[in-house]
Protein chains: 2
Amino acid sequence: MTGGGRRGRRPGAPDTRAAILAVARERFAAAGFAAVSVRSVAAEAGVDPALVHHYFGSKRDLFLAALEMPVDPREVLAPVIAAGPEGAGERILATILGVWDDDELRLPLLALARGLTDPSGHLLQDGFLPVVIGPVLAELGVDQTERRLPLVISQIIGVLVLRYLARLEPLASMPAEEVVAAVGPTLQRYLTGPLP
Amino acid sequence: MTGGGRRGRRPGAPDTRAAILAVARERFAAAGFAAVSVRSVAAEAGVDPALVHHYFGSKRDLFLAALEMPVDPREVLAPVIAAGPEGAGERILATILGVWDDDELRLPLLALARGLTDPSGHLLQDGFLPVVIGPVLAELGVDQTERRLPLVISQIIGVLVLRYLARLEPLASMPAEEVVAAVGPTLQRYLTGPLP
DNA sequence: GTCTATAGACGGATAGAC
DNA sequence: GTCTATCCGTCTATAGAC
């Protein structure tokens, strides 16, 4: 991405910037925006607090950087869409759980999810949900998207909150396949079943 | 509870204490624990910050006071249990939405729900969920409670988060009856349907 | 690029006058 | 019971030396 190393190193640091970002992701994911201080991030990363401001501007900028989607939801959900509406409930859930169960992706996703209730909240509400899940339903060729969308999301959010945020057992330790088998039919009904 | 008013007024204040508590409920419900300061609560209540510490001890004590359950879940769910497992999915959801749609009860419930992700978190996880919903399922005479419980809770939590916290439309403004009609069958399946 | 120093604001909590 | 005054800690953010 540097376009060839001829001109020497870019303004970014060797790896301090990455270290800060990694810690920020973990802390924001664990405690939310307000409860995490720039200083605590710097301390845990073993760097000076001023460096945090140096690389990322304000605390909010750091948060946004930590929040950057590690995956493109449209991309991973593309195969689901391509396969059509039959069995889409199971496939959507299996895909999402697969992403969340990835050790490298879970932390940024947790940070994102905390935004649902945090004061810094509107990212999920105004951005992620309608922008990502909405188009998926539309491309699936499902009718009455506006009525089905909140139902689908409600069940997905519920599973994510309990499995990854609250870590409620036995859901937290359950194999993804089992969750898919139990919850998938619900999503399928919301997607293609009759609406009241 | 004073045992007769002969001895004069109790240590509590005439209504200042209640005013503080009301504001605290609203603020904690809206912004969570970390983002709300004692001073801001006092200012909004029109009282001195020192009074907050006078009536309630620490900030955490104030939070716990604001969190006190406004309803006894076992009590409101008793009729649901008494009517047996048939149609229990719809009745459980209708009961819960009825409580949350009550203007007087919503704020404390919101404050409670924020605790799901807030640092002050374990109240919901260790307390509310297993203690309240668990016994309900047990008394309903449902088998394999441990496997059905997280499924039921996941769908309920998802609806509550989207309808009352994130306020995602059209779910937020939808009549409760419509939500019950759409989601109730899911709960019924989790309660009495086949498990994979 | 990294750090020290510090500004400037706000947080929780307490002591004590009235 | 209510308020003033204040201590002390922590926070974000910046300026500037090295």
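Sequence lines set the chain letters: A, B, ... in the order given, protein chains first and strands last, and positions in each chain run from 1.
Smallest separation of non-hydrogen atoms from Ile20(B) and Ala45(B): CA-CB, 4.2 Å. When every heavy atom of Val38(B) is checked against every heavy atom of Pro49(B), the shortest pair comes out as CG1-O, 4.3 Å. Nearest heavy-atom pair across Lys59(B) and Val36(B) is NZ-O, 2.7 Å.
Atom CZ of Arg60(A) and atom C1' of dA13(D) are 17 Å apart (whole Å). As rounded to whole Å, 15 Å separates atom P of dT10(D) from atom NZ of Lys59(B). Rounded to a whole Å, the CD1 atom of Ile20(B) is 15 Å from the C1' atom of dG12(C). In this structure, the NE2 atom of His54(B) is 16 Å from the P atom of dA17(C), given to the nearest Å. Protein atom CG of Leu62(A) is 14 Å distant from nucleotide atom P of dC11(D), rounded to whole Å. Distance CZ (Arg27(B)) to C1' (dG11(C)): 14 Å, rounded to an integer number of Å. Distance Leu51(A) CG to dC3(C) P: 5 Å, rounded to the nearest Å. What separates CZ of Phe56(B) from P of dG1(D) is a distance of 13 Å, to the nearest Å.
Summarising the geometry, atom CG belonging to Asp102(A) is positioned 9.0 Å from atom CG belonging to Leu109(A); distances are rounded to the nearest 0.5 Å.
Taking 4.0 angstrom as the limit, Tyr55(A) places a side-chain polar atom (N or O) nearer than this to OP1 or OP2 of dT2(C). In this structure, Thr16(A) does not reach the dG1(C) phosphate: none of its side-chain N or O atoms is under 4.0 Å from OP1 or OP2. Taking 4.0 angstrom as the limit, Ser37(A) places none of its side-chain polar atoms (N or O) nearer than this to OP1 or OP2 of dT10(D).
Each of dC3(D), dG12(C), dT14(D) was ranked by its minimum atom distance to the side chain of His53(B); first place goes to dG12(C). Listed candidates were dT14(D), dA15(C), dG12(C). Nearest to the side chain of Ala50(A) is dT14(D).
Of the listed residues (Arg39(B), Arg27(B), Arg25(B)), just one forms a salt bridge (charged side-chain N to carboxylate O under 4.0 Å, His left out) with Glu44(B), and that residue is Arg27(B).
Toward the 5′ end of DNA chain D lies the nearest nucleotide of Gly46(B), the other residue of the pair Gly46(B) and Asp48(A) mapping further downstream.
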